[in-house]
2 protein chains.
Amino acid sequence: MTDSYCQILNRNQYKLTPQRKAVLHVLEQTRGRHMTAEDIYNEVKKTNPGIGIATIYRTLELLARLEIVHKNSFDEGKYRYEFSENDGHFHHHFLCSSCGVIIEVEEDYLNILEGELERRGFHITDHNLQLYGLCPDCHQEGNAPGKR
Amino acid sequence: MTDSYCQILNRNQYKLTPQRKAVLHVLEQTRGRHMTAEDIYNEVKKTNPGIGIATIYRTLELLARLEIVHKNSFDEGKYRYEFSENDGHFHHHFLCSSCGVIIEVEEDYLNILEGELERRGFHITDHNLQLYGLCPDCHQEGNAPGKR
DNA sequence: GTAGTTGCAAAACCTTTGCACTAGG
DNA sequence: CCTAGTGCAAAGGTTTTGCAACTAC
């Protein structure tokens with residue numbers, strides 16, 4: 001499982017340290033969770049108590065640079081990390097204003113917009129879409145939106 | 001011009017202090033610029049030298065709460081502020097990886113996606129889309145993408 | 001007059017960096 | 001070996017907060 005990521009590190013001349021393995025392992029165990037650096041730090045400390053938060057940040061920066069993880073801002077004043085989709089298909093994120101759940105939205109539908117921009121001379125390499133509102137559970141309970 | 005915003009403040013029992021007027025005035029003068037709190041602070045100091053940065057933050061927080069301004073994160077580790085569109089039509093933002101320019105994209109095209117989600121029980125109140133790539137100028141000069 | 005606002009400075013947060021020490025290949 | 005990587009602590013940058021003084025209404 002983690003092997004493929006180890007290979008990417010090796011191929012790029014990066015050392016396979018226990019710390020990096022541990023971070024990759026946590027990311028693997030928490031797929032779909034959108035972890036902050038601190039979340040990851042707390043998880044990694046369970047198996048590597050001596051690790052420093054700086055190593056977490058340095059590892060995440062490396063993994064983001066190698067496009068193994070995707071760094072995302074949900075306007076909370078900090079970043080969240082998740083494994084990148086290796087098919088190059090970036091999903092969107094829905095954030096519930098009521099319960100705070102983050103739900104991944106696989107549908108894209110941005111081709112029309114991006115095609116339009118390419119036609120005008122732009123070159124689009126990436127996008128990042130957050131949708132805000134009420135998730136099905138909170139919507140049906142009739143909770144107030146409390147727009148963030 | 002600023003009067004309408006003053007009315008919103010009044011209506012909500014907020015005092016119309018010179019500091020708040022000055023922040024609104026700067027936002028007005030810099031429409032379309034996506035200012036950071038510090039940018040606004042520096043501008044406001046020209047007319048109100050004694051103002052403190054805390055007042056800028058408190059005012060922006062208030063204006064965002066009243067939905068007079070929109071607080072946006074472009075993944076730079078800080079926020080940028082701009083007047084909200086009062087027609088409820090949120091535009092998107094394109095960020096050039098080469099020259100750093102931020103261009104507003106008026107086209108929406110998210111109705112299909114949002115309609116699909118509403119059909120599944122979600123209730124969408126807001127969205128936030130950033131597009132990354134090369135602006136027409138940098139694209140035609142053949143600059144490297146340098147994906148942020 | 002008085003509750004809401006302000007300025008200042010300190011604190012709170014998240015993230016990065018310098019440096020001496022360590023260890024993976 | 002030897003350089004990349006680590007842990008620690010300190011610094012950096014942005015935003016928030018406590019509090020006494022102030023002011024718009």
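In the text below, chain A, chain B and the rest are named by the order of the sequence lines, each starting its count at 1.
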Can you say whether the rings of [X] and [Y] are parallel (under 30°), tilted (30 to 60°) or perpendicular (over 60°)?
X	Y	answer
A:Tyr5	A:Phe83	parallel
B:His92	B:His127	tilted
A:His123	B:His139	parallel

A:Phe74 six-ring face occupied by A:Arg80 cation (under 6.0 Å, within 45°):
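A:Arg80 over A:Phe74 ring: no.
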Between P on C:dC13 and OH on A:Tyr41, what's the gap in Å once rounded to a whole number?
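Between P of C:dC13 and OH of A:Tyr41: 16 Å.
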Name the atoms and distances for all side-chain donor-acceptor pairs under 3.5 Å in residues 50-60 of chain B, with sequence neighbours left out.
| from | atom 1 | to | atom 2 | distance (Å) |
| --- | --- | --- | --- | --- |
| B:Thr59 | OG1 | B:Thr55 | O | 2.7 |

Five-pair end axes of the helix from C:dG1-D:dC25 to C:dG25-D:dC1, angle between them (10°):
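Here the helix ends are tilted 40° relative to one another.
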Give a yes or no on whether a salt bridge exists between B:Glu107 and A:Arg120, defined as a side-chain N under 4.0 angstrom from a carboxylate O.
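Salt bridge: yes.
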Letter by letter from the 5' end, nucleotides 13-20 of chain D scores (B base, S sugar-phosphate only, - none; protein heavy atoms under 4.0 Å) -SBBBB--
Hey, is the side chain of A:Thr55 poking within less than 4.0 Å of OP1 or OP2 on D:dT6, counting only N and O atoms?
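No.
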Please write out the pairs of protein N or O atoms and N or O atoms of nucleotides 23-25 of chain D separated by less than 3.5 Å, giving the distance to one decimal.
| from | atom 1 | to | atom 2 | distance (Å) |
| --- | --- | --- | --- | --- |
| D:dA24 | N3 | B:Lys15 | NZ | 3.2 |
| D:dC25 | OP1 | B:Leu16 | N | 3.1 |

Any residue meeting side chain to side chain contact (heavy atoms under 4.5 Å, CB included) with B:Arg119, in chain and number order, not counting sequence neighbours:
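Testing B:Arg119 for side chain to side chain contact (heavy atoms under 4.5 Å, CB included), a comparison that skips the adjacent residues, returns B:Glu116.
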side-chain hydrogen bond (donor to acceptor under 3.5 Å, both in side chains): which pairs involve residues 39-49 of chain A, sequence neighbours left out?
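Every side-chain hydrogen bond (donor to acceptor under 3.5 Å, both in side chains) pair that includes a residue of residues 39-49 of chain A, provided the two are not neighbours, is A:Thr36-A:Asp39, A:Glu43-A:Lys46.
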B:Phe122/A:Phe94 aromatic ring centres below 6.0 Å
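When the ring centroids of B:Phe122 and A:Phe94 are compared, they turn out to be within the sub-6.0 Å range.
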Return the minimal non-hydrogen interatomic distance between B:Glu118 and B:Ile124, and the atom names on each side.
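So the two residues come closest at OE2-N, 2.9 Å.
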